[in-house]
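This one's a predicted model, so the numbers in the text were calculated from it and none came from an experiment. Basis for what follows: all heavy atoms, side chains included, without hydrogens, waters or symmetry-related copies.
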Amino acid sequence: MNFPFKRVINLFAAGVLAGLALNASAVELKEIRIAVPDLSAGTQHSGGGVVDVLRQQQIFEKAFADQGITIQWSFFKGAGPVINEAFANGQVDLAYLGDLAAIIGKSNGLDTRLLSASARGVKHYLGVVPGSGIKTLQDLKGKRVAIFRGTASQLSFDAALASQGLSEKDLKVINLDFNAAVAALAAKQIDASWGGSGLTALQARGLAELPLSTKDLGGAGSIQSVLIGTGKFVDEHPEAVAKLLKAQQQAVEWLTQDSNKDAYIQLVSGLASYPQVILQQDLKDQKLSEIFPSTLDPVFLGKLQDAVDLASQQKLIRKPFKVSEWVAPQLTAAKL
């Protein structure tokens, strides 16, 4: 299903802008500040997915050049928790985030609006020390397991555990960021870690075994990610948001062509300083056209609602909410 972008632009322009166009206090837009978790293991920045395509092709920069609006990309090694702080401090306008961080921010009172999907069904893996004998999630009982709290990886892990009748209470959970978790697992300072495709690098070097992934669990624990914006930015600059979503679709259309998989792997591997074999292995049984559609379709919103409900059950958030009410009103009106 393709975004009817002309309709989106009309709704943003005619709806919210109608009340703002005559408002002399409306701030003229000079810069759009976008935050992204930094997934790179090197000196360059990488957010993976649509972010890397957008930046490589300079899509946003070209779209807003005629208006003199600049695009500021900010990459955060601290991922979602730090980006939520930046939102709270008024330092960013938009962010590409995994589900849990975006959900936590919304639950904690950040005025954000859901603008589009950015990825769905992203796999996660269980990485364990070679020879540990850990083959299933049940084998993790009482073991030292690293996860990055406050990120989509934590919610992914909790969903995977719940699918097997387990919870974090059954384990000795250690909070480590992605790079620290990989280093700790390689040094055998922990028994296991739950994370993304970066764990396959340890497997390739013989420093970890990957006994299972979310695919082996029937999709339990797979990650969704989103583009969100502050309520202030979305309400004050509806035309810019509509233009940005339209421009983003250029990257989505390129990314969802499965014939571009090799080019995509080469792009992300180069930016993230990952060997190409890591992404080749990660994506070997998945189509880009299944992962990167941007539409806020009922299936995607349903999975986000499941994530909100699970986060509440696991006490990762205090206030659950309805995802349908999180969607930017203009997109809701367009039934997107």
Side-chain angles (χ1 to χ4, degrees), residues 1-3 36-37 39 46-54 79-80 83 94-106 112-125 151-160 162-163 194-198 213-229 245 248-258 260-261 264-265 267-268 279 281-311 321-324 326-328 331-332 335-336:
M1 182 173 70
N2 294 324
F3 256 97
V36 186
L39 306 180
S46 173
V50 70
V51 167
D52 286 356
V53 178
L54 286 167
I83 290 175
L94 305 164
Y96 287 91
L97 278 178
D99 46 22
L100 181 59
I103 288 167
I104 288 175
K106 176 67 175 175
T112 60
R113 309 287 169 79
L114 182 59
L115 296 173
S116 83
S118 56
R120 62 191 73 205
V122 177
K123 286 188 297 187
H124 257 40
Y125 300 85
T151 69
S153 289
Q154 182 182 12
L155 189 62
S156 167
F157 190 48
D158 286 356
S163 74
W194 184 261
S197 58
S213 73
T214 50
K215 184 176 181 182
D216 300 311
L217 299 173
S222 63
I223 289 175
Q224 327 312 314
S225 58
V226 296
L227 170 64
I228 59 175
L245 289 175
Q248 177 185 256
Q249 194 66 8
Q250 296 177 44
V252 171
E253 289 174 357
W254 183 91
L255 193 53
T256 51
Q257 293 180 33
D258 292 309
N260 288 328
K261 180 185 277 192
Y264 170 71
I265 289 172
L267 168 64
V268 177
L279 288 176
Q281 180 72 16
D282 185 49
L283 294 171
K284 67 179 182 179
D285 54 2
Q286 283 187 295
K287 295 181 178 180
L288 300 186
S289 57
E290 297 172 344
I291 303 173
F292 295 115
S294 60
T295 50
L296 296 173
D297 53 81
V299 172
F300 183 83
L301 294 179
K303 288 186 179 297
L304 271 187
Q305 188 63 61
D306 290 343
V308 171
D309 296 342
L310 178 63
F321 56 89
K322 292 183 179 180
V323 168
S324 60
W326 190 17
V327 179
L331 299 180
T332 300
K335 297 182 180 180
L336 295 175

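- For the residue pair F292 and S118, the shortest heavy atom distance occurs at CD2-O, 3.4 Å.
- Between the S156 side chain and the A152 main chain, no donor and acceptor come within less than 3.5 Å of each other.
- At a threshold of 4.5 Å between non-hydrogen side-chain atoms, the residues P293 and R120 count as touching.
- Side-chain contact between L155 and L310 is present, with heavy atoms from C-beta onward closer than 4.5 Å.
- The minimum heavy-atom distance linking K123 with Q286 is given by the pair CE-OE1, 3.5 Å.
- Considering all non-hydrogen atoms of both residues, D52 and G47 come closest at OD1-N, 3.0 Å.
- Looking at V36 and L97, their side chains never come closer than 4.5 Å, going by heavy atoms from C-beta outward.
- Taking 4.5 Å as the limit, every side-chain heavy atom of H124 sits out of range of all side-chain heavy atoms of F157.
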Run the side chain to side chain donor-acceptor pair (under 3.5 Å) test on T214 and S222 for me, step by step, so that the C-alpha distance in whole Å, both residues' side-chain angles and the decisive distance to 0.1 Å come before the verdict.
CA-CA 6 Å; T214 50; S222 63; 5.6 Å; no
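- Between atom CH2 of residue W326 and atom CG of residue L301 there is a gap of 10.0 Å, rounded to the nearest 0.5 Å.
- Taking every heavy atom of both residues into account, S289 and T256 meet most closely at CB-O, 3.3 Å.
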Side chain to side chain donor-acceptor pair (under 3.5 Å), that's the test. Do Q248 and S294 meet it? Break it down for me.
CA-CA 9 Å; Q248 177 185 256; S294 60; 4.6 Å; no
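- Between the side chains of W194 and S153, not a single donor N or O lies within less than 3.5 Å of an accepting N or O.
- Of all non-hydrogen atoms in A307 and D99, the two that sit nearest each other are CB-OD2, 4.4 Å.
- Looking at I228 and L115, their side chains never come closer than 4.5 Å, going by heavy atoms from C-beta outward.
- The two residues G98 and S225 come nearest to each other via the heavy atoms CA-CB, 3.9 Å.
- Contact annotation: the side chain of L255 approaches that of V50 to within less than 4.5 Å [non-hydrogen atoms, C-beta and beyond].
- Atom CG in L283 sits 10.0 Å away from atom CG in D258 (nearest 0.5 Å).
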Determine whether V53 and W254 satisfy the following criterion, side chain to side chain contact (heavy atoms under 4.5 Å, CB included), listing intermediate values before the conclusion.
CA-CA 8 Å; V53 178; W254 183 91; 3.8 Å; yes
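- Annotation: side chain of L296 is not in contact with side chain of L304 (no heavy-atom distance under 4.5 Å).
- Taken to the nearest 0.5 Å, the CD1 atom of I223 stands 12.5 Å off from the NZ atom of K303.
- Rounded to the nearest 0.5 Å, atoms CD (Q257) and CG (L288) are 10.0 Å apart.
- To the nearest 0.5 Å, the span separating CD1 on I265 from CG on D282 amounts to 8.5 Å.
- We find the CG-CG distance between L114 and L227 to be 8.0 Å, quoted to the nearest 0.5 Å.
- Counting only heavy atoms from C-beta outward, the side chains of F321 and I103 approach each other to under 4.5 Å.
- The environment of NZ in K106 is crowded: more than 12 heavy-atom neighbours from other residues, nucleotides or ligands sit within 6.0 Å.
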